[in-house]
Amino acid sequence: MARQRVVVTGLGGICALGGNASDIWAGMKEGRDGCSPLSIVTRDLKIGIGCGLTGYPEDDGIDKRQRVTMSAISRIAVIAAREAMAQSGLTSGDFDQLRAGAVVGVGIFGTDAVDQSYVDVFVEGKKRPHLFTVPRVMPGAPAGHVSIDLGLKGPVFGVTSACASGNHAFISAVDQIRLGRADVMLAGGAELSLVYGPLKAWESLRVLARQACRPFSADRDGLVLGDGAAIAVLESYEHAIARGANILAEIIGVGLSGDASDIVNPTVEGPAAAMRNCLADAGISADQVDYINAHGTATQANDQTETRAIRQVFGSAADNVSVSSTKSMHGHCLGASSAIEMIACVNAIREGVIPPTINFTSPDPLCDLDVTPNEAREKTVDITISNAFAFGGTNAVVALKRV
């Protein structure tokens, strides 16, 4: 039996580049740097920069009774999901709620609520933290709140695999549709990284940049953390056609792998396997890929390892494929990163524009790919893949195609 085709019919997002998917894509095309001084109380932090949210609505429209149970990570997931639903043209009553679901990836969890609970108990001496601390911090809460807000009664769950969580959410949603469990799935990721406790933990790892995010550049010195969320509406092709939906792109393949090696140091073989599996699932060869949205964190280890993995999989075709890291602009939003990068991939196909890798100053001989330095480039893009490689050696790649 032929498997279900899965298409993208809506996008929503919020991050340092803007409060909706259109503004985020405009920022990517412009090569805008979303990095700025941290707006939180930094106390003894040595790192003072991050990619904070912009464009958060003055009134997010979330019901007060629901809002009190939510951390900020769930609120931005709902904001992105509402935008994606609006673009898809799906409205309550014109789809089967029992065959529509949600899967949202998070890299950590409701860090703002956790931090506040520690302050309440250990600093301010309160007898107990907030009544809703547990539902606020649950990694599955963003998916639950998206389903509550939009009336989705099909498969609903959260996934967490560090920085690959967004792509794992897309892949899980694709599986639900391919297996016939759902016609419509809202999928993506959400993260709130710029919170004091998590920032101190990341600072201890000594992988944070001091001034700017410079993926693939010889003088890169680490990643810049960011806040954000992005959600896509995925549908079976037949469901989208039957209702006359505007199809933005098709997800033609997915690939997963595990390094089974080290919790923080990536291998070449694991990411390469995920890309190979994705190309095989899509039924395409490497030389058919026009653009790779790289994981591209700007750490020494990741960028060189990813370059070697791409060369291993693509062979001579690696010299012709366009590559970029949009994390240079919206920061590393951990579990939300690959979801935000879906916005880049879909629009690269639709507009024929490769978003740049900004802050690039000089080539690293060990990162010898065409990384689209500093300025966007016009190019016909029929097929793109999005890489996500995480701590834990959890690798997830998604391939998209023009419809």
Side-chain angles (χ1 to χ4, degrees), residues 107 161-168 170-171 205-207 209 213-223 253-282 284-328 332 334-335 337-338 341 344-345 357 360 362-373 383-399:
S161 53
C163 306
S165 300
N167 267 3
H168 276 116
F170 290 134
I171 293 170
L205 282 170
R206 300 179 180 177
V207 296
C213 182
R214 306 180 188 280
F216 302 112
S217 185
D219 59 350
R220 65 191 182 280
D221 65 343
L223 57 91
V254 301
L256 303 99
S257 74
D259 285 358
S261 175
D262 189 283
I263 197 71
V264 293
N265 289 319
T267 67
V268 173
E269 291 73 21
M275 284 188 276
R276 281 198 194 92
N277 293 339
C278 182
L279 297 178
D281 189 50
I284 59 173
S285 57
D287 60 5
Q288 291 180 266
V289 177
D290 302 299
Y291 168 53
I292 300 173
N293 187 292
H295 189 58
T297 59
T299 63
Q300 289 293 330
N302 175 87
D303 294 358
Q304 293 178 1
T305 300
E306 186 169 12
T307 299
R308 290 171 61 195
I310 290 171
R311 287 212 165 273
Q312 189 178 104
V313 174
F314 280 68
S316 60
D319 291 324
N320 300 319
V321 68
S322 294
V323 179
S324 71
S325 170
T326 53
K327 288 184 180 69
S328 59
H332 196 345
L334 307 180
S337 279
S338 47
E341 287 152 10
C345 290
T357 304
F360 188 91
S362 56
D364 176 350
L366 297 178
C367 299
D368 57 347
L369 300 167
D370 176 7
V371 299
T372 322
I383 296 178
T384 179
I385 67 170
S386 177
N387 286 343
F389 310 133
F391 279 175
T394 53
N395 309 303
V397 180
V398 175

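Side-chain atoms are counted along with the backbone in the values below, which use heavy atoms only and exclude waters and symmetry mates.
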[X] side, atom [atom1]; [Y] side, atom [atom2] - distance, nearest 0.5 Å:
X: Lys327; Y: Asn293; atom1: NZ; atom2: CG; answer: 7.0 Å
X: Thr299; Y: His332; atom1: OG1; atom2: NE2; answer: 8.5 Å
X: Cys278; Y: Ile171; atom1: SG; atom2: CD1; answer: 7.5 Å
X: Ile385; Y: Asp290; atom1: CD1; atom2: CG; answer: 11.0 Å

Would you please name every residue forming a side chain to side chain contact (heavy atoms under 4.5 Å, CB included) with [X], sequence neighbours left out?
X: Ser328; value: Pro215, Thr357, Ile358
X: Thr305; value: Pro266, Val268
X: Gln304; value: Arg220, Gln300, Asp364, Leu366, Cys367
X: Asp319; value: Arg311

When you measure from the side chain of [X] to the backbone N and O of [Y], does any donor-acceptor pair fall under 3.5 Å?
X: Glu341; Y: Thr326; answer: no
X: Glu306; Y: Asp303; answer: no
X: Asn167; Y: Ser386; answer: yes
X: Asn277; Y: Gly255; answer: no

Mind checking side-chain hydrogen bond (donor to acceptor under 3.5 Å, both in side chains) for [X] and listing every partner two or more places apart, or none if nothing turns up?
X: Thr372; result: none
X: Asn320; result: none
X: Thr307; result: none
X: Asp221; result: none

Quick one: closest heavy-atom pair of [X] and [Y], and the distance?
X: Ala294; Y: Val323; result: CB-CG1, 3.9 Å
X: Ala273; Y: Ser257; result: CB-CB, 3.9 Å
X: Val313; Y: Ala272; result: CG2-O, 3.4 Å
X: Phe360; Y: Phe216; result: CE1-O, 3.4 Å
X: Ala282; Y: Ala399; result: CB-CB, 4.4 Å
X: Asn395; Y: Pro271; result: ND2-N, 3.7 Å

Just one of Ile292, Leu369, Asp370 clears the side-chain contact (heavy atoms from CB on, under 4.5 Å) bar with Val321, so which one?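 Of Ile292, Leu369, Asp370, side-chain contact (heavy atoms from CB on, under 4.5 Å) with Val321 is met by Ile292 alone.
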
My understanding is that only residues two or more places apart in sequence, or in another chain, count here; which of them pass salt bridge (Lys or Arg N to Asp or Glu O under 4.0 Å) with Asp287?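 With sequence neighbours excluded, Asp287 shows a salt bridge (Lys or Arg N to Asp or Glu O under 4.0 Å) to no residue whatsoever.
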
Could you walk me through whether Phe391 and Leu205 pass the side-chain contact (heavy atoms from CB on, under 4.5 Å) check? CA-CA 12 Å; Phe391 279 175; Leu205 282 170; 3.9 Å; yes

Restricting to pairs with a member in residues 256-279, which pass salt bridge (Lys or Arg N to Asp or Glu O under 4.0 Å), not counting sequence neighbours?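 Passing the test, one end in residues 256-279: no pairs.
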
If the plane angle is over 60° it's perpendicular, under 30° parallel, otherwise tilted; pick one for His295 and Phe389.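 Rings of His295 and Phe389: tilted, 30 to 60°.
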
Side-chain heavy-atom pair Met275, Ile310 within 4.5 angstrom cut-off: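 Of all side-chain heavy-atom pairs linking Ile310 with Met275, at least one is under 4.5 Å.
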
With side-chain contact (heavy atoms from CB on, under 4.5 Å) as the criterion, how do Tyr291 and Ser324 come out once you've worked through the C-alpha distance, each side chain's angles and the decisive distance to 0.1 Å? CA-CA 8 Å; Tyr291 168 53; Ser324 71; 2.7 Å; yes

